[in-house]
Amino acid sequence: MKYDVVIGCEVHVQLLTETKAFCSCRNTFGGEPNTRLCPVCTGLPGALPVANQTLVEYAVLAGLAMNCTIVPVTKFDRKNYIYPDMPKGYQISQFDMPICEKGFLEIDTDGGLKKIRIIRIHMEEDAGKNIHTEDRSGLSHVDLNRAGTPLLEIVSEPDIRSPDDAVAYVQSIKHIMEYLKISDCNMEEGSLRCDANINLWVYEGDKKYATPIVEIKNMNSFKAMKAALEYEILRQKEEWTTKRLLLKDVGKVTRGYQEKTQSTILQRHKEESAEYRYFPEPDLKPILIDPAWVESMKSRLPELPAQKRKRFAEEWGLPELDIGKLLVDAELAHYFEAACKEYKGEPKKVANWVITEIGNMLNKESITIIQFREKVPPESLGELLNRIDSGVISGKMAKGIFSDMWAEGKTPEQIINEKGLKQIDDQESLKDIVREVLDQNPKTVEDYKNGKENVLSFLMGQVMKATRGKANPRLSQDLLKELLQK
């Protein structure tokens, strides 16, 4: 069976505005249900919405970061549907005049960089949240705290050809939003959600057949996204083999991803735009976008992941694998660069410590790099690495000091002095200790002189034991070899 996988993504991103999209209710996650409400976000008669200016600004920033055209005139529309968590009976969204059009992102694939075209980015409000009880009562509750939360919906062309590339594309959007600081993109809290549209192009002879398009929902992690798409490819292959269903006959359907079974189940046939009965939002005027203002917004763009990736390779000489791990989190990349400014050695050593030691600490303590930085600033990491290179402490000692830096919130110098951890690098003092070790281990000395050079590591261990790990390793080994030759 010869076929191509065809995937397009609709990514919803909740924005970090102080208030909701069209009212002054606080825009925060969670809290006691139904406590952040007003007549506007609950759709009471006579309540009038007002567009949040920051929502428009964030939409423009996102569009510029994703190479979009910012339109001169945009407007809001009513998208009509009845859900329990949509109290107005409609959603304020954008239909035919979205604020951003015709952009693109480049993602890393096995075949190199690939451009994924973006059809549009539009502004809209989120719905509330249905909470289904698990006590078999069949009851559901509605929490409207989320109703009216500002969203951006980013719609791609069907340019994606594999589940891995789909994940890379959405991860790229996540990183951009985090670098712009306009969303926390917390998938567990629903701040970043993706609906993936997938079907197959099947080739038989000189003919191409399109299987029905499936929109997959309920994917709350990148792992789930990949698993759902991989399952759907297998399901559609089998369905084509057994039923030969065509897109023109069935149209588009929605399926939900089931975490427990790692499969998708049919939910409903997808509505067409006419079924939503879009019409211009009568309570909100069209928005005129000044081109000069858009130009001024470009100055607010930070260095984005693609630009930072190139600079890290050229300026810091890091391998691609390390760069990828550092750029996953904008704050992690900032921490790395700040530590490099303090450290006098190779940036690769800083990268190793940030990726491995700090990465392990973040996982162990379940903290963010911002929380870690409050107790261990990047300058302290640079100072610690300088102490290793200057021979004040060993690499092994540094790992213990690193843990104490996090536990006590102190600098490396403070910990080294308070705990007497400074390495012994006085040659005469160390030579006396080495002689004593050799005198205490005559059999090992004889073995070394008989050609068993591997016993040198045992003798090094004895020197370290005698000095409680404070002996300068390089100097100790040189002295051992020198005295063993006599």
Side-chain angles (χ1 to χ4, degrees), residues 7-17 21 52 54-74 93-109 112-124 126 150-161 164-187 191-197 222 225 287 289-291 293-311 323-324 327-330 333:
I7 300 171
C9 289
E10 300 170 8
V11 180
H12 290 82
V13 180
Q14 285 186 355
L15 300 177
L16 291 174
T17 57
N52 186 325
T54 307
L55 163 59
V56 179
E57 291 177 359
Y58 284 0
V60 170
L61 283 174
L64 292 173
M66 288 182 255
N67 306 291
C68 291
T69 298
I70 312 301
V71 301
V73 183
T74 187
S93 182
Q94 293 194 286
F95 178 46
D96 57 339
M97 296 174 66
I99 190 166
C100 309
E101 297 179 326
K102 299 178 181 177
F104 69 88
L105 286 181
E106 289 185 329
I107 61 169
D108 284 320
T109 71
L113 285 178
K114 181 174 182 179
K115 181 182 289 187
I116 307 299
R117 292 171 296 162
I118 293 171
I119 300 173
R120 58 190 279 151
I121 300 175
H122 66 258
M123 304 175 288
E124 61 185 21
D126 209 345
L151 292 177
L152 294 182
E153 181 172 348
I154 303 157
V155 184
S156 82
E157 293 279 5
D159 290 344
I160 303 167
R161 293 294 176 264
D164 284 334
D165 290 355
V167 169
Y169 168 73
V170 180
Q171 285 178 331
S172 180
I173 290 176
K174 177 179 184 290
H175 295 160
I176 288 173
M177 294 296 165
E178 290 172 336
Y179 273 66
L180 292 174
K181 296 183 178 181
I182 64 176
S183 175
D184 61 19
C185 293
N186 189 325
M187 295 186 79
S191 300
L192 176 70
R193 309 194 292 271
C194 176
D195 299 332
N197 297 281
F222 291 118
M225 184 179 177
I287 299 173
I289 307 293
D290 184 355
W293 176 70
V294 173
E295 283 298 314
S296 70
M297 290 292 286
K298 291 180 180 179
S299 65
R300 290 178 54 181
L301 289 174
E303 184 181 39
L304 295 170
Q307 299 163 326
K308 197 176 286 288
R309 180 182 296 274
K310 182 180 180 181
R311 186 171 62 79
I323 294 174
L327 296 190
V328 164
D329 185 330

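A quick note: this is a predicted structure, and the numbers were derived from the prediction, not measured.
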**Request:** Answer whether the closest heavy-atom distance between the side chains of Val13 and Leu192 falls below 4.5 Å.
**Result:** yes
**Request:** Just jot down the salt bridge (Lys or Arg N to Asp or Glu O under 4.0 Å) partners of Lys114, sequence neighbours excluded, or say none.
**Result:** none
**Message:** If you compare all heavy atoms of Asp184 against all heavy atoms of Ser191, which two are closest, and at what distance to 0.1 Å?
**Reply:** OD1-OG, 2.9 Å
**Request:** List in chain and number order the residues that pass salt bridge (Lys or Arg N to Asp or Glu O under 4.0 Å) with Glu57, two or more places apart in sequence or in another chain; answer none if no residue qualifies.
**Result:** Arg300
**Approximate separation, where rounding is to 0.5 Å, of Leu105 CG and Ile173 CD1** = 6.0 Å
**Request:** Report yes or no: does Arg120 contribute a side-chain atom to a donor-acceptor pair with the main-chain N or O of Glu153 at less than 3.5 Å?
**Result:** no
**Prompt:** For Glu101, what residues pass the side-chain contact (heavy atoms from CB on, under 4.5 Å) criterion, not counting sequence neighbours?
**Reply:** Val71, Pro98
**Prompt:** How long is the span from the NE2 atom in His175 to the CG atom in Leu327, to the nearest 0.5 Å?
**Reply:** 8.5 Å
**Complete:** Heavy-atom closest pair (Ser296 atom, Ser299 atom, distance to 0.1 Å) is O-OG, 2.6 Å
**Item:** Exercise: identify the closest heavy-atom pair between Val170 and Cys9
**Value:** CG2-SG, 4.2 Å
**Request:** State the CD1-OH distance between Ile118 and Tyr169, to the nearest 0.5 angstrom.
**Result:** 4.0 Å
**Message:** Which heavy atom of Cys100 sits nearest to which heavy atom of Ala59, and what is that distance?
**Reply:** SG-O, 3.4 Å
**Asked** Going by heavy atoms in the side chains, are Arg193 and Gln14 under 4.5 Å from each other?
**Response** yes
**Request:** Determine the minimum heavy-atom distance between Cys68 and Ile121, stating which atoms define it.
**Result:** SG-CD1, 3.8 Å
**Asked** Shortest non-hydrogen contact from Leu180 to Pro302?
**Response** CD2-CD, 3.6 Å
**Pairwise distance CG(Leu64) to CE(Met297) - rounded to 0.5 angstrom** = 7.0 Å
**Prompt:** Tell me, which pairs form a salt bridge (charged side-chain N to carboxylate O under 4.0 Å, His left out) where one or both residues lie in residues 169-183, sequence neighbours left out?
**Reply:** Lys174-Glu178, Lys181-Glu331
**Residues that Arg161 engages under salt bridge (Lys or Arg N to Asp or Glu O under 4.0 Å), provided they are two or more places apart** = none
**Asked** For the side chain of Thr74 and the backbone of Met97, is there at least one donor-acceptor N/O pair under 3.5 Å apart?
**Response** yes
**Message:** I'd like to know whether Met123 forms a side-chain contact (heavy atoms from CB on, under 4.5 Å) with Leu152, so could you lay out the CA-CA distance, the side-chain angles of the two residues, the decisive distance to 0.1 Å, and finally the verdict.
**Reply:** CA-CA 5 Å; Met123 304 175 288; Leu152 294 182; 4.0 Å; yes
**Met177 vs Ile154 side-chain heavy atoms within contact, under 4.5 Å** = yes
**Message:** Could you tell me if the side chain of Val56 sits less than 4.5 Å from the side chain of Trp293, heavy atoms only?
**Reply:** yes
**Asked** Distance from Phe104 atom CZ to Ile119 atom CD1, nearest 0.5 Å?
**Response** 15.5 Å
**Message:** Tell me every residue that passes salt bridge (Lys or Arg N to Asp or Glu O under 4.0 Å) with Asp195, counting only those two or more places apart in sequence or in another chain.
**Reply:** Lys217
**Request:** Assess whether side-chain contact (heavy atoms from CB on, under 4.5 Å) is satisfied between His12 and Glu124, documenting all intermediate values.
**Result:** CA-CA 10 Å; His12 290 82; Glu124 61 185 21; 3.3 Å; yes
**Evaluation steps, side-chain contact (heavy atoms from CB on, under 4.5 Å), between Asp108 and Arg309** = CA-CA 12 Å; Asp108 284 320; Arg309 180 182 296 274; 3.8 Å; yes
**Message:** Quick check: do Lys115 and Asn67 have side-chain heavy atoms less than 4.5 Å from each other?
**Reply:** no
**Stepwise side-chain contact (heavy atoms from CB on, under 4.5 Å) check, Ile7 with Asp165** = CA-CA 9 Å; Ile7 300 171; Asp165 290 355; over 6 Å; no
**Asked** Roughly how far apart are Leu61 CG and Met66 CE, rounded to 0.5 Å?
**Response** 10.0 Å
